[in-house]
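What follows is a short report on a single structure.
The analysis underlying the following values was restricted to heavy atoms, covering all of them including side chains, and did not include hydrogens, waters or symmetry mates. Each chain gets a letter, A, B and so on, in the order its sequence line appears, and its residues count up from 1.
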Amino acid sequence: MDNGVKTTPSNFIRDIIEEDIRSNKNGGQVVTRFPPEPNGYLHIGHAKSICLNFGLARQYGGRCHLRMDDTNPEKETVEYTDSIINDVRWLGFDWGEHLYYASDYFEQIYQWGVLLIGKGVAYVCDMSPDEVSATRGTPTAPGTESPGRKRSVEENLYLFSRMRAGEYPDGSRTLRARIDMSSPNMHLRDPVLYRIKRAEHHRTGNAWCIYPMYDFAHGQSDYIEGITHSICTLEFEVHRPLYDWFLDKIAEAGRVRPRQIEFARLNLSYTVMSKRKLLELVESGSVRGWDDPRMPTISGLRRRGYTPEAIRDFADRIGVAKADNMVDVALLEHCLREDLNRRAPRVMAVLNPLKVVIENYPEGATEELEAINNPEDESMGKRKVPFARVVYIEKDDFREDPPPKYFRLAPGREARLKFAYYITCTGVVKDDKGEIVEIRCVYDPTTRGGWSNDGRKVKGTLHWISAEDAIEAEVRLYDHLFTVPEPENTKDGTDYRTFINPDSLKVLTRCLVESSVKGAKPGSRFQFERLGYFCVDPDSRRGAPVFNRTVMLRDTWAKIEKSAR
RNA sequence: UGAGGUGUGGCCAAGUGGUACGGCAACGGGUUUUGGUCCCGUGACCCCAGGUUCGAAUCCUGGCACCUCAGCCA
C-alpha cells in the first residue's frame, strides 16, 4: 500500500483493523459502511467520514456500503436521498451493488423485537412520552420502572402485534428493552425500541405505522450486512454498550459481529457544521440554498469550484483521532489551491477595470501575443491573446501616489503587461469628481512578449485585457460565512447567527474576461491571473457568464499593505 | 456530586519506555513575465503534581480542564 507514493499517517482505527487482520478476526475481512440519514445535505464533516470508511475498505481490500439510515419518515425525503447518492459519487467513491436502506430491514428488525419479547427482555410500555421522560431519572438519580415491565411474554407479543396493526394512536405505546432503570448509563434505562408514528415513509409508504429507533436499527443493519467495523462519531460512544447488548441478544454463532468504533467529528473554523444550523441558514434565507457556494455542504463546495481531489486530500491531512478538534479552514483552502494550481488553465480577467490608452500604439492596430496556459504544466499549451491601443488593467494595479514597497504602475513608472509589453505611465485623466477614469501610457515596442535583455528591472507584472477582446461577466466574490473562527463556541454563549458575515457575498458586474472562456460549461475552473481561482456558475446565461471566486491566490502584497496600517 | 471520553507548538496530528515525524498558519530569505508556484530557514521540555526507571509524552498515583449522555431524533 505504500510504495513510496503517498502515505497517510496512521491512526487508531487503522491500528485496530490491522490487529484484527493479524488475528484473522472475521476471516481477515474488512467491511465498512457510510450510513447517513437522508434528512439533509451532506457536508464537509460527512466527507471526512466518507473518505475514512471508503478509504479503509479500499486500503484493506474490503468493501464499503452506502446505507440510508431511514428510520424516521417524518424528516426524510427522496430529495435528500438523491443528493446524498450524488454527492458520495461525486467525491469519487463507488459502493458497487451495496446501496442499502435500513427501511429494507424493517421486517427483520420487527422480528427481532418479537425475539426480544420472547426472551423476556423487551416489553410494551403504555406511558406517554412525558411519562417516559419523567421516569427516566437523571444522570445522578435512577429512574423508576414502567408498569409494562411486569407484563407476560404472551401479552407483550399480543400488544406488539396490535401496535403494528395500527390499533393504537401515535405515541400511546412503545416497545422498550428491559435492561436497568438505575444504570449509570442513561441509554441502558429501558430504551425505546419502537414507536408508533403514522407517517408515510419515502420508501415503504404506509406499510408501517411503527418504526424502530436508531439504537434498535443501526447495529442490526450492520449485522445484516456483515459490517466488520462500524465507524461513527464520538457522541455515540455512550450508545456502544446498548449496541453490544442488542448484538448479544440476536447474533448467531459463526456470523460476523460488527464492532463500533468512534472518532471525533470534524469542526471547521468560520463555519457551522450541524445539519440543524445549516437548515436554519437555508430556511432563514441567510444563504441561497443548500448549494450556496458559501455553505460547507458538498453541493455548496462543488458549486464554489472545489474539486473532489482537494476534499479527499484534506480528509487525509486532518487525520482521524478522538480528541475534539477545530480545523483551520485555511488548510482546506490550501488543499484546494494546491490542486487547482496544477490543473486550472490561466486566463486574464479584470474585476475592476481601469482604462489604459497606449498613446504611441497605432490607432486601429491589433496583434496577437502568445500566452502560457499553465506554467505548471507545459502540456496545457499556449494561446493567442489580442493586444491593442486600449486595454484595461485592475484599478488596484495603479496608484497615483504609490505607498512604499508598491511596485505596480504609477505616474512615471514602468510595469510589464504580462505576455505583452512594458508600459510607462505618462498621465492620468480624471472626471469632475476627481476620480481617475483613464490613464495614459507609452509602450516600448522592443519589449514584445514582456521581456527585454537590456537588464532593465521591471518588478511589476500586471494582467490586462484589450478592449476588443473583453467580454463582460458577473463575478461573485465569497468570504467566510461567519466573522469569527468559532461561531458555535463563544465564551458568553452568543447565538451563532449573530456572527453571520454580512459581507460574505459581493457581486461584481461588468467585469472583463478574455473571450477565450466564452462558452465554458458551468463548473469549468480557471485561474484568473494574479487574482484567484474561479469557476463558471450554473446561473450563467448565453452572453451573460457568471463566475464564482473559488478561492483567492495567496496575496503577499495585501499582507504588506495591511501590516503597514 | 453519575457514566463514558479526551488532553503533544496558534490549528490539526505522528509517537505505544530510549531522549518530540509531518502538514497548515505565522515570520524571515532565495528563484520568478502571476507580490502565485517552487526552494531554504525559524518554534514544544508533550494539562499539572508526585512516583517507578539508568532513561517516561509513553508505566503508576493523585489532581485539573474540556467534550458527550436525561428525544417516542440520528
Touch class at under 4.0 angstrom, heavy-atom based, for Glu333(A) against every strand present: nothing
Is_stacked (Trp557(A), G35(B)) at 5.5 Å, 30 deg: yes
Watson-Crick or G-U wobble partner of U53(B), both distances under 3.5 Å: none
G35(B) OP1/OP2 closer than 4.0 Å to side-chain N/O of Arg530(A): yes
Sugar-phosphate only, base, or nothing, as touched by Glu237(A) at under 4.0 Å among non-hydrogen atoms: sugar-phosphate
Sugar-phosphate, base or nothing in reach of Tyr194(A), heavy atoms under 4.0 Å: nothing
Sugar-phosphate only, base, or nothing, as touched by Ser133(A) at under 4.0 Å among non-hydrogen atoms: sugar-phosphate
Given RNA chain B, 5'-ward residue of the pair Leu553(A) and Ser10(A), judged by closest heavy atom: Ser10(A)
Sugar-phosphate only, base, or nothing, as touched by Pro142(A) at under 4.0 Å among non-hydrogen atoms: nothing
Check ion pair Glu280(A)-Lys277(A) (N to O, under 4.0 angstrom): no
Touch class at under 4.0 angstrom, heavy-atom based, for Asp15(A) against every strand present: base
Opposite nucleotide pairing with G10(B), Watson-Crick or G-U, both atom distances under 3.5 Å: C24(B)
Among A3(B), C24(B), A13(B), the one nearest Arg317(A) by side-chain distance: C24(B)
Phosphate OP1/OP2 of U37(B): any Arg554(A) side-chain N/O under 4.0 Å: yes
Salt-bridge contact Arg399(A)-Glu561(A) (side-chain N to carboxylate O under 4.0 Å): yes
Side-chain N or O of Lys559(A) closer than 4.0 Å to phosphate OP1/OP2 of C27(B): yes
Sugar-phosphate, base or nothing in reach of Thr138(A), heavy atoms under 4.0 Å: base
Earlier contact from the 5' end, RNA chain B, for Gln527(A) and Lys322(A): Lys322(A)
Sugar-phosphate only, base, or nothing, as touched by Lys418(A) at under 4.0 Å among non-hydrogen atoms: base
Candidate nucleotides A25(B), C72(B), G35(B), ranked by approach to the side chain of Ala330(A) - the nearest: A25(B)
Lys/Arg-Asp/Glu bridge criterion (N-O < 4.0 Å) met for Glu376(A), Arg343(A): no
Sugar-phosphate, base or nothing in reach of Val320(A), heavy atoms under 4.0 Å: sugar-phosphate
G36(B) OP1/OP2 closer than 4.0 Å to side-chain N/O of Thr556(A): yes
Short N-O contact, Arg456(A) and Glu414(A), less than 4.0 angstrom: yes
Residue that, paired with Asp190(A), satisfies side chain to side chain donor-acceptor pair (under 3.5 Å) out of Arg178(A), Arg149(A), Arg176(A): Arg149(A)
Contact under 4.0 Å: Lys197(A) side-chain N or O vs C73(B) OP1/OP2: yes
Closest to the Asn325(A) side chain, choosing from C72(B), A74(B), C12(B): C12(B)
Residue-phosphate contact under 4.0 Å: Arg265(A) side-chain N/O, C12(B) OP1/OP2: no
Strand partner of G4(B), provided both Watson-Crick or wobble distances fall under 3.5 Å: C67(B)
Sugar-phosphate, base or nothing in reach of Met213(A), heavy atoms under 4.0 Å: sugar-phosphate
Sugar-phosphate only, base, or nothing, as touched by Glu376(A) at under 4.0 Å among non-hydrogen atoms: base
Short N-O contact, Glu338(A) and Arg342(A), less than 4.0 angstrom: no
For U34(B), the Watson-Crick or wobble counterpart (both distances under 3.5 Å): none
A74(B) OP1/OP2 closer than 4.0 Å to side-chain N/O of Arg195(A): yes
base_contact_polar (U37(B) base, Glu338(A) side chain, donor-acceptor, <3.5 Å): no
Base of A74(B) paired with side chain of His239(A) (donor-acceptor, under 3.5 Å): yes
Sugar-phosphate only, base, or nothing, as touched by Phe236(A) at under 4.0 Å among non-hydrogen atoms: base
Any donor-acceptor N/O pair, Ser133(A) side chain to Pro129(A) backbone, under 3.5 Å: no
Counterpart base for C45(B), defined by Watson-Crick or G-U wobble contacts under 3.5 Å: none
Salt bridge Arg189(A)-Glu145(A), side-chain N to carboxylate O under 4.0 Å: no
Nucleotide nearest Leu331(A) (side chain, heavy atoms from C-beta), chosen from A3(B), G23(B), C72(B): G23(B)
Under-4.0 Å side-chain N/O to phosphate OP1/OP2 contact, Arg416(A) with U34(B): no
Phosphate-side-chain proximity, His463(A) and U34(B), N/O vs OP1/OP2 below 4.0 Å: no
Contact under 4.0 Å: Thr71(A) side-chain N or O vs C73(B) OP1/OP2: no
